[in-house]
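The next block holds one structure in the form of structure tokens; read it before the comments.
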Amino acid sequence: MSRRREHVPTRPTWRCQACGIAWPCSAAKLRLLAEYRHDRPALTVYLATLQAEAAEELPDSGPNTPRVGLIDRFVSWARARG
């Protein structure tokens, strides 16, 4: 019996455990949108928390180097459109 891998982040690389691309991958985004479909603000808070954790864990080129693109990667896609 094979076990299906979940589309969750692998730390400290923040790549998807199932497909290996930068997390949140498309499958993870769809799952999160469905899970938080009635509470988009809670999804945004959750993703912002993960973004802050990723900023601490991802390698960078120096101690004060900003993590360019992490806000777009983790939070911006989940904002309600309207």
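Of all the heavy atoms in Ala54 and Leu70, the pair that sits closest is C-CD1, 4.4 Å. Minimum heavy-atom separation, Leu47 to Ala78: CD1-CB, 3.5 Å. The nearest pair of heavy atoms linking Arg5 to Gln17 is NH1-O, 2.9 Å. Taking both residues in full, the closest heavy atoms of His7 and Arg31 are given as O-NH2, 3.9 Å, listed atom of the first, atom of the second, then distance. Looking at every heavy atom in both residues, Leu33 comes nearest to Trp77 through CG-CZ3, 3.7 Å.
Hydrophobic clustering, with ILVMFWY side chains joined whenever heavy atoms are under 4.5 angstrom apart, groups Leu58 together with Leu50.
By the side-chain contact (heavy atoms from CB on, under 4.5 Å) test, Pro9 pairs with Trp14, Trp23, sequence neighbours left out. Residues passing the side-chain contact (heavy atoms from CB on, under 4.5 Å) test with Glu6 are Val8, sequence neighbours excluded.
At a threshold of 4.5 Å between non-hydrogen side-chain atoms, the residues Tyr36 and Thr44 do not count as touching.
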For Arg73 and Gln51, run side chain to side chain contact (heavy atoms under 4.5 Å, CB included): C-alpha distance rounded to whole Å, both residues' side-chain angles, the deciding distance at 0.1 Å, then the answer.
CA-CA 8 Å; Arg73 176 176 162 183; Gln51 183 260 321; over 6 Å; no
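Between atom CD of residue Glu35 and atom CG of residue Leu43 there is a gap of 8.5 Å, rounded to the nearest 0.5 Å.
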